[in-house]
Amino acid sequence: MLVLMLAGAWHCKGREKQANGQDPGVVDTIKEKAAPPKILTLPDGTQVVMDPRTEIRPMEGFGKANRDVTFDGEGVLIVHDGAKPFVIHTRNLVVTVEGKNARIHVDAFASSPGEEVDLLEGKLKVIKSYHSSTDNSTEVLQAGEMVMINRDIDLMEKETLKPEEQKVLELKFPK
């Protein structure tokens, strides 16, 4: 009987601590605030507003022989007129700016099978960066359109960017 009373007291004591948020067996949750986007300007004047985990690398000859970059992460690129086309290489896509200016949101972490490119301003040409056994066609995007790709299922789709999605991007990566 004494054992049952002690067990009941111990059980109630544990519940009291949980109700008060003081359970000694649980470590407090640590939440880190999202880091603000990084802003950088490439040698050709292209501005990049990017997630702090993003890596962008100008390719050899950038600004002279080409304007090609490799991109792993998420960000908005604001591309201005240049003598050469601006080309973004991700793990799954090759994105080429058509025309003088463009504002492009790219979500393309190499660790993820899926990628997304949203065109906020300008015109783009998008192709898969790998040979596909099903479809190797080029997509041309106008402002307000997007392309999504999932390499695991070898599927690339072009869609219209919803206004509410565009607003979220504007808030996340301001001009």
Side-chain angles (χ1 to χ4, degrees), residues 36-175:
K38 290 185 201 174
I39 301 171
L40 103 102
T41 302
L42 298 177
D44 71 339
T46 296
Q47 295 176 310
V48 186
V49 182
M50 60 189 191
D51 179 286
R53 301 168 294 162
T54 298
E55 293 181 12
I56 185 168
R57 290 184 200 97
M59 295 179 102
E60 189 173 331
F62 184 87
K64 295 179 179 117
N66 65 59
R67 293 174 68 204
D68 293 28
V69 297
T70 60
F71 192 91
D72 177 8
E74 182 182 14
V76 171
L77 293 93
I78 303 158
V79 181
H80 303 288
D81 185 26
K84 307 238 181 263
F86 191 88
V87 183
I88 304 163
H89 299 265
T90 69
R91 186 173 82 90
N92 297 321
L93 297 170
V94 176
V95 180
T96 304
V97 173
E98 301 277 299
K100 296 185 177 199
N101 300 304
R103 205 158 67 93
I104 311 146
H105 170 254
V106 179
D107 186 352
F109 284 96
S111 58
S112 173
E115 297 181 359
E116 181 175 326
V117 175
D118 307 297
L119 184 56
L120 306 171
E121 296 172 19
K123 185 178 176 182
L124 297 178
K125 182 173 68 173
V126 182
I127 59 171
K128 293 177 181 176
S129 64
Y130 60 95
H131 178 73
S132 169
S133 60
T134 59
D135 180 20
N136 289 298
S137 62
T138 300
E139 294 286 356
V140 177
L141 274 64
Q142 304 291 334
E145 294 181 326
M146 65 183 287
V147 68
M148 297 179 293
I149 187 167
N150 185 318
R151 189 174 189 151
D152 287 353
I153 59 173
D154 195 21
L155 177 66
M156 183 169 81
E157 291 184 327
K158 176 179 163 181
E159 295 183 8
T160 300
L161 185 60
K162 295 177 183 167
E164 57 271 17
E165 293 170 331
Q166 190 163 347
K167 285 180 187 177
V168 169
L169 293 174
E170 296 285 350
L171 291 172
K172 189 172 181 179
F173 299 100
K175 285 185 182 182

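Take Thr41 and apply the side-chain contact (heavy atoms from CB on, under 4.5 Å) test, not counting sequence neighbours, and it matches Gln47. Applying the side-chain hydrogen bond (donor to acceptor under 3.5 Å, both in side chains) test to Glu55 and every residue at least two apart in sequence or in another chain returns Arg57.
Closest approach of Pro36 to Pro52, counting heavy atoms only: O-CG, 3.5 Å. Between His80 and Thr46 the shortest heavy-atom distance is N-OG1, 4.5 Å. Across every non-hydrogen atom of Lys84 and Arg67, the tightest pair is O-NH1, 2.9 Å. Contact between Leu42 and Pro58 at its shortest, heavy atoms only, is CD2-CG, 4.3 Å. Scanning all heavy atoms of the two residues, the minimum distance from Asp68 to Pro85 falls at OD1-O, 4.5 Å. Closest heavy-atom contact between Ala143 and Glu121: CB-CA, 3.9 Å.
Distance check: Thr96 OG1 to Leu93 CG gives 10.5 Å after rounding to the nearest 0.5 Å. With rounding to the nearest 0.5 angstrom, the CG atom of Leu124 is 12.5 Å from the CE atom of Met146. Atom CD of residue Glu159 and atom CG of residue Asp118 lie 10.0 Å apart, to the nearest 0.5 angstrom. Rounded to the nearest 0.5 Å, atoms CD (Glu115) and OG (Ser129) are 7.0 Å apart. Here Leu119 contributes atom CG and Arg103 contributes atom CZ; the two are 9.5 Å apart, rounded to the nearest 0.5 Å.
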*Residue pair Met156, Asn92: steps toward the side chain to side chain contact (heavy atoms under 4.5 Å, CB included) verdict*: CA-CA 10 Å; Met156 183 169 81; Asn92 297 321; over 6 Å; no

*Test Asp72 against Arg91 for side chain to side chain contact (heavy atoms under 4.5 Å, CB included), laying out the working first.*
CA-CA 8 Å; Asp72 177 8; Arg91 186 173 82 90; over 6 Å; no

*Please test Asn150 against Met148 for side chain to side chain contact (heavy atoms under 4.5 Å, CB included), starting from the C-alpha separation and ending with a verdict.*
CA-CA 7 Å; Asn150 185 318; Met148 297 179 293; over 6 Å; no

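Among pairs with a residue in residues 86-124, those fulfilling ring-ring contact (aromatic ring centres under 6.0 Å, His included) read His105-Phe173, at least two apart in sequence or across chains. Screening residues 138-153 for salt bridge (Lys or Arg N to Asp or Glu O under 4.0 Å) gives Glu145-Lys158 as the qualifying pairs, with residues at least two apart or on separate chains. For residues 122-136, every residue pair satisfying the salt bridge (Lys or Arg N to Asp or Glu O under 4.0 Å) rule, not counting sequence neighbours, is listed here: Lys128-Asp154. Every pair tested for ring-ring contact (aromatic ring centres under 6.0 Å, His included) that includes a residue from residues 120-154 fails, sequence neighbours excluded, so the list is empty.
The shortest distance between side-chain heavy atoms of Val106 and Val95 does not fall below 4.5 Å. For the pair Val97/Ile104, a side-chain contact is recorded, criterion being any heavy-atom separation below 4.5 Å from C-beta on. Counting only heavy atoms from C-beta outward, the side chains of Val87 and Asn66 never approach each other to under 4.5 Å. Side-chain contact between Ile56 and Leu40 is present, with at least one heavy-atom pair separated by less than 4.5 Å.
Within 6.0 Å of CD on Glu164 lie more than 12 heavy atoms contributed by other residues, nucleotides or ligands.
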